[in-house]
Amino acid sequence: MAMDKYEAVFISTPTIGNLVPTVEFAHHLTRHDPRFSATLLIITVPERTIVNLYTKSLATAASHSQSHVNFIHLPTVQPPTPDQYQSSLGYTSLFIDKHKPHVKHAISTLASTTSVAALFVDMFTTSMIDIAQDLGIPCYLFFASPASFLGFMFHLPALDTQLAVAFVDSDSHSGFIVPKDSAVELIVPTFSKPLPPSMLPSHVLKRNKDGYFCFLENARRYTETIGIVVNTFLELEPHAIESLSISGLPPVYPVGPILDHAGASRWHPDGAQQQDSIMEWLDQQPPSSVVFLCFGSMGSLEGPQLREIAIGLERSGYRFLWSIREPRKGKLDLPGEYTNVEAVLPAGFLDRTAGLGIVCGWVQQVRVLSHQAIRGFVSHCGWNSILESVWHGVPIATWPVYAEQQMNAFELVKELGLGVEIRLDYREGSDLVVAEELERGLRRLMDGEDEVKAKVREMKSKSRMALMENGSSYKSLTSLIQEISSRMQGSEVKY
Ligand code: UDP
C-alpha cells in the first residue's frame, strides 16, 4: 500500500530570528517522519540584506541536497508608504499582509497536486490564518520565542486593561508609558515571579503606536490555531509550559531546541576565510578562557556605549571575542558592518589588546559557542542565542537590546538561574552600561556564580536528551505528527 504523503507549508516573518528556526523545524519534521515534505513560502524585504542572503542560500542548498524541504520565493509586492506605518513592526505587518493573494495562490497550486496537511504561521504572520480558513487547511503556529513569552502574548489582552488604568503616558522623548505607582508589578501566568514593568517589550510600552496593535492582533489570533509548536523544551521551561496547558488555549508542543548547527557558515558574505581566522585564533587560546560578546542579528550599539565596553573589557583583562555591528541607517535597515571600527573605539584600544582579543563583525555564533576556548557569553538574549548557548553549555551574562529580550533575560536570571545579570532592562536609549558595571558582570560570568555554571552544564545535557528518542521534545513532536495525520485521515476535504 502506498504511504500517505503530507505537505506542511510554512510562512515566516522575514527576520533571521524567526526564519532560521522555521527552516530548521521544517527539516526536523521531514526527517522525523518520511511521510512529510515541507514548503516554505519566502517573503523578501528588499532592505534586509542578511535575510535575503540567507533565503537565496536556501534555494541553492535545496537544489543540491536530498532534503524534502522546498522553497517558493513569493513575488515582490509594493512596500507600504511611510505615512502608513509608525514602526518597523508596523511596516513588516503591513508588508506581510500584502502577500496574502500570493500566499493563497501558492498554497492552492500546491494543494492541486499534493495533500496539504498544515499551514504553519508564526508570531507575526497570523493574518495568513485567513487563507488556511478559506482553503480549509488546518492551521498551526510555530513560535520561535520562549513559552514564557507565548504566555505573555496570550495574557496581553488582559494586561492591556491593567496598562490602561495603572499606567500613564510618559512625557520623556521615549514615548513609553510608565506606571503611576513605581511599586506596580505585573502577574503573567507563565512567569512564576511578578514581572517588573521595565521588562515589557518597547512595542508594548508604546501603547498608542502601531507596533503595539500588531502585538495585540497577532496575540488574539494565536487562539484561532489548532496547535502551537514552540522552540523550547520541557526541562528548560517547566513552569511556563505547564501553565499553558489550560482549557481554551490550543495545545502546546515544545519540540526544541531546534538549532541551525551549521550557523551562518553557508551563507554569510564574510566568507569562510575571515571566520576561519577567528576560529584559528580561538584554537590558540587556553580552554575556557574567552568571553564572547554578540548582540544578535539586529543588534548594534552606539559609539559611547562601545567605548564603555572597550574600557570594561580592557580593565577586566579577560580574553575576548567581540562582535560589533554598525547601527542601522534607516528604520527598516538592519545593522551593517563597520568599514573602520577603529574609529569608534578608544584610541589605541586595538593595539593594546592585540593578542588578548579580537573585534569582528558578523560572526558564526554557533561555531564560536561550540569552541572549547569560550567560557562565557555576553548576549542580547534573543531566544535562538539562548538556546544555542544552553546547547553548548556556555553561561550567559544578560544585555538585552530589543524585542522580547528583556523578558528573556528576566526569565534566564530570575526564574531559571541560568544566567548572570549585566542588565535586565537595557534597551535602545537606556543609560549607558558603564565600564565598571560591565567589568563586575564579566567577573561574575567568568569567575563567580558556580551554581549558575553547574545548572547550565546540567541543562546542556537535558537539551540533548530532549531530542533523543523518547526525550520530551521527541515525544511532543510525535504527538503533533499524530494530531496532523489523524486529522488528515479523518478528513474528507479534497482541495
Ligand atoms: N547570529 C550569528 N552571528 C551574529 C549575530 C547573530 O550567527 O553575528 C545568529 C545567532 O547564532 C542566532 C541568530 O543569528 O542564531 C539570532 O537569533 P536570536 O533569536 O538570538 O536573536 P535576533 O537576531 O532574532 O534578535
Side-chain angles (χ1 to χ4, degrees), residues 1-13 18-19 21-43 55 58-59 61-63 65-75 96 99-122 125-144 221-231 250-253 255 258 473-495:
M1 207 173 85
M3 182 172 66
D4 289 332
K5 286 280 180 197
Y6 303 130
E7 184 75 20
V9 180
F10 293 82
I11 178 102
S12 168
T13 307
N18 283 293
L19 193 50
T22 305
V23 170
E24 291 308 310
F25 174 65
H27 283 295
H28 189 60
L29 175 70
T30 59
R31 280 193 293 257
H32 187 98
D33 189 325
R35 290 176 300 171
F36 279 84
S37 51
T39 299
L40 269 100
L41 306 180
I42 304 287
I43 292 174
T55 56
L58 293 171
S63 66
S65 76
Q66 301 295 314
S67 135
H68 296 285
V69 180
N70 299 307
F71 300 93
I72 295 177
H73 286 257
L74 296 169
I96 288 171
H99 286 78
K100 272 167 121 177
H102 298 308
V103 171
K104 188 165 186 178
H105 179 257
I107 299 178
S108 306
T109 309
L110 276 171
S112 65
T113 55
T114 143
S115 185
V116 178
L119 173 65
F120 285 86
V121 297
D122 78 4
T125 60
T126 60
S127 61
M128 302 301 169
I129 293 174
D130 294 342
I131 291 162
Q133 288 169 348
D134 275 4
L135 298 176
I137 294 170
C139 193
Y140 299 80
L141 177 69
F142 176 76
F143 200 73
R221 300 216 67 181
Y222 294 173
T223 54
E224 293 178 42
T225 62
I226 291 168
I228 303 182
V229 176
V230 190
N231 193 9
V252 167
Y253 301 90
V255 299
I258 307 287
S473 293
Y474 182 97
K475 284 201 255 184
S476 187
L477 179 59
T478 306
S479 63
L480 170 73
I481 287 173
Q482 269 163 5
E483 208 283 331
I484 298 177
S485 49
S486 62
R487 195 174 282 277
M488 288 309 284
Q489 279 150 16
S491 142
E492 293 303 317
V493 183
K494 293 277 173 287
Y495 305 107

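What you see is a predicted model, and the numbers here were worked out from it, not measured in a lab.
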Do His28 and Leu477 have side chains that approach each other closer than 4.5 Å (heavy atoms only, starting at C-beta)? yes

Within the 4.5 Å heavy-atom criterion, are Thr39 and Thr114 side-chain neighbours or not? no

For a side chain to side chain donor-acceptor pair (under 3.5 Å) with Ser37, tell me which candidate from Glu7, Lys5, His68 qualifies. Glu7

Would you compute the distance between atom CZ of Phe36 and atom OG1 of Thr30 and round it to the nearest 0.5 angstrom? 10.0 Å

Calculate, to the nearest 0.5 Å, the distance between atoms CG and CG belonging to Asn70 and Leu110 respectively. 8.5 Å

Working to the nearest 0.5 Å, report the span between CZ of Arg221 and CD1 of Ile129. 5.0 Å

What distance separates Ser479 OG from Tyr253 OH, expressed to the nearest 0.5 Å? 5.5 Å

Can you name the closest pair of heavy atoms from Cys139 and Ala132 and give their distance? CB-CB, 3.7 Å

Do Met128 and Ile96 have side chains that approach each other closer than 4.5 Å (heavy atoms only, starting at C-beta)? yes

What are the two closest heavy atoms between Phe120 and Ala118, and how far apart are they? CE1-CB, 3.8 Å

Should the ring pair Tyr474 and His32 be called parallel, tilted or perpendicular, given that the plane angle runs from 0 to 90° and is split at 30 and 60? tilted

Close side-chain approach of Arg35 to Ile481, heavy-atom, < 4.5 Å: yes

Given the options Val121, Ile228, Leu119, Leu480, Tyr140 meets side-chain contact (heavy atoms from CB on, under 4.5 Å) only with Leu480

dist His73:NE2 -> Leu40:CG (nearest 0.5 Å) comes out at 9.5 Å

Quick check: do Ile226 and Glu483 have side-chain heavy atoms less than 4.5 Å from each other? yes

Pair Ser115-Asp4, side chain to side chain contact (heavy atoms under 4.5 Å, CB included): steps then yes or no: CA-CA 9 Å; Ser115 185; Asp4 289 332; over 6 Å; no

Do Thr225 and Thr126 come close enough that some side-chain heavy atom pair is under 4.5 Å? no

Side-chain touch Asp130/Gln133, heavy atoms, less than 4.5 angstrom: yes

Nearest heavy-atom approach of Asn231 to Ala144 is CB-CA, 4.3 Å

Restricting to non-hydrogen atoms, name the atom on Ala38 and the atom on Phe10 that form the minimum distance, rounded to 0.1 Å. CB-CE1, 3.9 Å

Over all atoms of both residues, closest heavy-atom pair of Ser12 and Ile43: O-CD1, 4.3 Å

Hey, would you say the Phe25 and Phe142 ring centroids sit under 6.0 Å apart? yes

Counting N and O atoms only, with roles assigned by atom type, does the side chain of Asp122 sit under 3.5 Å from a partner on the main chain of Thr13, one being a donor and the other an acceptor? yes

Gap separating the CG atom of Leu74 from the NE2 atom of His105, nearest 0.5 angstrom: 11.0 Å

Please report the shortest heavy-atom distance between Pro75 and His102, naming the atom on each side. CG-ND1, 3.5 Å

Any side-chain heavy-atom pair from His27 and Ser67 closer than 4.5 angstrom? yes

Please check this pair: side chain of Thr125 against backbone of Ile11, looking for a donor-acceptor N/O pair closer than 3.5 Å. yes

